[in-house]
Amino acid sequence: MTSPQNIKGMRDHLPPAMLLRQHILHTLTTVFERHGFEPLGTPILEYAETLEGKLGEDEKLIYRFEDHGGRRLALRYDQTVPLARVVAQYSGQLALPWRRYAIGPSYRGERPGRGRYREFYQADADIVGSSSPLADAEIITILTESLTVLGFTDFTTLLNHRQIIGGIARVSGLDEAAAGDVYRAIDKLDKIGSDGVREELHERGVTPAAAERILTLVQLDGSPDDVLHELDTQLHGDERAIAALANLRAIIVALEAMGVPPACYRVAPRLARGLSYYTGLVFEAITAHWPAGSLLGGGRYDELVGMFAKNSVPTVGLAFGIDRLHDVMEELGLGPRATTTAAVYVTIFSTEQVAASLTLVQELRAAGINAITALDASSGLGKQFKEADRKGLRYALVLGPDELAQGMVSIRDMQSGAQHHVARGEVATELCRLLAAGAAS
RNA sequence: GUGUCUGUAGCUCAACGGUUAGAGCGCCUGACUGUGGAUCAGGAGGCUGUGGGUUCGACCCCCAUCAGACACCCCA
């Protein structure tokens, strides 16, 4: 391999992409902290044993290897299992319920595809140690706020409950083992249609009568109240499912109180979700602009932490897929379209004026303005303007003999080409004013 | 992990198995004034993803490998 190359499924992020990613991460951090969540950092590497036995079939996607000492290590598959490890390990230091967020890369040895990579960023927010429906509702509220602040206008959060899924399987006469298979088929409803699902169910040995029952229940649609009411009737007699419906109702009541618009969520009994550790609420956000998988997902997993600790620790949380968010936002033109970090370019007129320009640029920086100077004092103004233009900087300053003599600085608007003089002492305030006006429009 | 397709200049793409692999855009230099975008003139840039094979001769055909796209599978 003579020419440099990326490892399969792992990407570089050049400045324009990285700026959007950072905008996303910063926005999510702000929302998380607005809700009082605390940051947690854990290593990318864990003992393989820590990750094994929690993910079901997905386990084969874990990157595993041995270190120099022959220890079996693994790259983390998500940030949830490490959270569970931390909760068990530091149980004495953590006051529960604990609201924590974590942002970082995880790794899965999958075949890369649209919106799917082997190294991908997730932003997680979880409430550890509470089984209250208020915790579930808080997570959904964070989800809604985050997507709204990022600029999404037409997303929907699908809500479901593992015990509704279980109940539907049970009243259709299936045992727990078969239910998983069935739900994998139902999860594809949007993609292959009800006929396709019917066929798949048949292939998996579900009787036609049971398949029809399942399809009917799973395709219930309408207002959350209507869907829950109908499920109540249909699942009558299945205690766990009835309890799940009550739980969803309580969550929705809390959502309403927190002002989450009803148009943002639906009860969708067909939502399955793959990760095997979920035990209660499950949800994911979808948008018509991204047919390939969900933007984020999550749910309640009350037993996972208990696999490390002795007692069970009820937990609910979500994970944003940063790479998918990024790709969708790019397609929709959401977020800042900056290609660089600086806003102002200070030219250097000639080798005699180097000091004057350097002094000026430091003043701008002290005033909170991101600014750069030319690095080659002997290059002409034309070349310097060109550099400023190519970088996408909004303003260029000229400080030549004429300006120096008059105690002025020329401010050039690189978009319009217009140029005006400002007194040397007023430059920073004038630029702040211009930049604020530009940001507002 | 399975299947299909793709890989040529920084980017988008040409080139019948046959001379020295081309074009547009971009990049660099100059015309050019104390000033970018426009125009004109010139210039740099390639072991055709990589490694084998077939052939007198390979960008082109065959095999392998790496990377990418799409559809499965699954998921963020």
Side-chain angles (χ1 to χ4, degrees), chain A residues 1-12 14 24 55-62 76-80 103-124 143 180-181 183-185 187-188 191-192 196 200 271-276 278 282-286 290-299 317-328 345 347-350 352-353 374 379-405 410-419:
Chain A
M1 197 187 302
T2 50
S3 64
Q5 220 166 19
N6 283 77
I7 292 172
K8 188 188 188 75
M10 308 216 176
R11 307 183 296 166
D12 297 314
L14 294 180
I24 294 170
L55 302 165
E57 283 192 28
D58 291 338
E59 207 162 299
K60 58 177 189 264
L61 302 178
I62 297 175
R76 68 178 180 210
Y77 176 91
D78 61 15
Q79 300 187 110
T80 306
I103 297 175
S106 294
Y107 300 83
R108 296 180 192 179
E110 280 187 293
R111 182 78 170 256
R114 177 173 161 85
R116 177 194 296 177
Y117 307 97
R118 289 186 170 178
E119 177 185 67
F120 59 99
Y121 259 66
Q122 283 185 316
D124 287 30
L143 179 173
D181 254 13
Y183 258 90
R184 226 157 295 149
D187 207 26
K188 288 189 273 185
K191 213 178 278 179
I192 61 179
E200 283 222 14
L271 175 66
R273 295 198 54 73
L275 291 174
S276 52
Y278 291 119
V282 290
F283 59 86
E284 65 184 41
I286 57 169
W290 188 260
S294 57
L295 293 176
L296 86 185
L318 60 73
F320 285 88
I322 302 302
D323 300 84
R324 288 181 180 180
L325 272 178
H326 176 275
D327 290 352
V328 184
Y345 188 100
T347 61
I348 297 181
F349 187 82
S350 70
E352 284 75 39
Q353 270 78 38
S379 71
L381 281 182
K383 212 169 168 184
Q384 297 184 30
F385 278 126
K386 193 167 182 180
E387 184 189 351
D389 181 49
R390 287 184 47 204
K391 289 270 179 203
L393 303 188
R394 185 62 203 272
Y395 297 102
L397 304 188
V398 179
L399 193 51
D402 294 352
E403 284 87 354
L404 278 175
S410 294
I411 300 179
R412 183 180 183 82
D413 183 325
M414 294 304 287
Q415 277 171 30
S416 66
Q419 197 166 314

Worksheet item: Between which residue ranges does RNA chain B form stems of three or more consecutive Watson-Crick or G-U wobble pairs, both distances under 3.5 Å?
Response: B:1-7 with B:66-72, B:10-13 with B:22-25, B:27-31 with B:39-43, B:49-53 with B:61-65
For atom [atom1] of [X] and atom [atom2] of [N], their distance in whole Å:
X: A:Leu381; N: B:rU35; atom1: CG; atom2: P; result: 5 Å
X: A:Lys60; N: B:rG1; atom1: NZ; atom2: P; result: 11 Å
X: A:Arg118; N: B:rC75; atom1: CZ; atom2: C1'; result: 14 Å
X: A:Gln122; N: B:rC75; atom1: CD; atom2: P; result: 13 Å

How would you label the contact of [X] with the nucleic acid (heavy atoms, under 4.0 Å): base, sugar-phosphate, or nothing?
X: A:Gln415; answer: base
X: A:Gly380; answer: nothing
X: A:Phe320; answer: nothing
X: A:Asp323; answer: nothing
X: A:Tyr121; answer: nothing
X: A:Glu387; answer: nothing
X: A:Gly298; answer: nothing

Expressed as a whole number of Å, how far does the [atom1] atom of [N] sit from that of [M]?
N: B:rU65; M: B:rU6; atom1: C1'; answer: 16 Å
N: B:rA76; M: B:rU2; atom1: C1'; answer: 23 Å
N: B:rG10; M: B:rU48; atom1: P; answer: 13 Å
N: B:rC61; M: B:rG24; atom1: C1'; answer: 30 Å
N: B:rU4; M: B:rC40; atom1: C1'; answer: 49 Å
N: B:rC47; M: B:rU35; atom1: C1'; answer: 44 Å

Discussion item. Looking at B:rU29, I'd like to know if its phosphate oxygens (OP1 or OP2) sit under 4.0 Å from a side-chain N or O belonging to A:Lys383.
Written reply: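 Checking B:rU29 against A:Lys383, a side-chain N or O does come within under 4.0 Å of OP1 or OP2.
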Worksheet item: Does A:Arg390 make a side-chain N or O approach to OP1 or OP2 of B:rC27 shorter than 4.0 Å?
Response: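 Checking A:Arg390 against B:rC27: at least one side-chain N or O falls below 4.0 Å of OP1 or OP2.
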Fill in: A:Glu110/A:Arg118 ion pair, N-O < 4.0 Å
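Between A:Arg118 and A:Glu110 there is no salt bridge, as every charged N stays at least 4.0 Å from the carboxylate O atoms.
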Practice prompt. Syn or anti for B:rC56, please, going by whether the chi angle lies within 90° of 0.
Written response: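 What B:rC56 shows is an anti base, its glycosidic angle lying more than 90° from 0.
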Closest approach of [X] and [Y], non-hydrogen atoms and distance?
X: A:Ile24; Y: A:Leu325; answer: CG2-CD1, 4.0 Å
X: A:Ala285; Y: A:Leu143; answer: CB-CD2, 4.1 Å
X: A:Ala123; Y: A:Ile322; answer: CB-CD1, 3.9 Å
X: A:Tyr77; Y: A:Ser106; answer: O-CB, 3.6 Å
X: A:Pro105; Y: A:Glu119; answer: CB-CG, 4.2 Å

Practice prompt. Indicate whether A:Phe120 forms a stack on B:rA76; treat it as stacked only if centroid distance is below 5.5 angstrom and interplanar angle below 30 degrees.
Written response: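 Whether judged by distance or by angle, A:Phe120 passes, so it stacks on the base of B:rA76.
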Counting distance alone, no hydrogens or angles: does the base of [N] have a donor or acceptor under 3.5 Å from a partner atom on the side chain of [X]?
X: A:Arg108; N: B:rA76; answer: yes
X: A:Gln384; N: B:rU35; answer: no
X: A:Gln79; N: B:rA76; answer: no

Worksheet entry | Distance-only side-chain donor-acceptor flag, A:Tyr117 / A:Arg11, under 3.5 Å |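 A donor-acceptor contact under 3.5 Å links the two side chains.
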Worksheet item: Is A:Arg412 positioned over the aromatic face of A:Phe385, cation under 6.0 angstrom from the ring centre and no more than 45 degrees off axis?
Response: yes
